[in-house]
Structures are given as C-alpha cells and as structure tokens.
Amino acid sequence: MLLILGVLVVGIGSIYAYKVGRRSNSSQTSEMDSAISEKVQDHYVLRNPVFLAYIIAISLALIFIAYIALSS
C-alpha cells in the first residue's frame with residue numbers, strides 16, 4: 001500500500017514539476033526575478049514543497065513506526 005502511494009506521489013510530483021518548469025521557461029522575458037508575495041515571505045517553510053515533502057515523509061514514517069510498535 002505504501003509503495004503504491006509512494007509511486008503516485010513521485011509520479012504526480014514529477015509531472016507537476018515538469019509542467020511548472022516548462023511554464024516558467026516559456027514566460028521568462030527578462031533577467032530579473034518577479035517579486036515574492038508577502039504570504040510566501042512570511043511562511044517560506046510552509047510554502048516550500050521540498051520542506052513539505054520532508055515533513056510529510058517523516059510524519060508517515062513515525063506513524064508507521066508507532067503502528068508497528070503498538071501492534072507487536
């Protein structure tokens with residue numbers, strides 16, 4: 001079950017990253033970056049998908065460890 005979930009997350013994440021990358025490459029007209037919104041500046045960790053992936057993975061691992069420990 002976890003393997004299927006992991007494959008789905010990796011597949012959907014890679015498709016999304018590919019689409020975002022193609023969209024950002026095609027829309028670049030200048031060498032200056034656009035402004036970062038205040039919401040992202042205030043919550044840079046929560047808005048970063050890499051940190052979210054680590055937080056979710058660690059949470060799932062801890063839940064799985066607790067489940068195995070309690071079912072033994």
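The basis for the numbers below is simple: all heavy atoms, side chains too, and nothing from hydrogens, waters or symmetry mates.
Under a 4.5 Å side-chain heavy-atom criterion applied to ILVMFWY residues, the cluster that includes Ile65 comprises that residue alone.
Nearest heavy atoms, Gly11 versus Ser14: O-OG, 2.9 Å.
Rounding to the nearest 0.5 Å places CD1 of Ile63 at 13.0 Å from CD1 of Ile68.
A 6.0 Å sphere centred on CG of Leu8 holds more than 12 heavy atoms belonging to other residues, nucleotides or ligands.
Leu2 and Tyr67 fall within the same hydrophobic cluster, defined by Ile, Leu, Val, Met, Phe, Trp and Tyr side-chain heavy atoms under 4.5 Å apart, directly or through other members.
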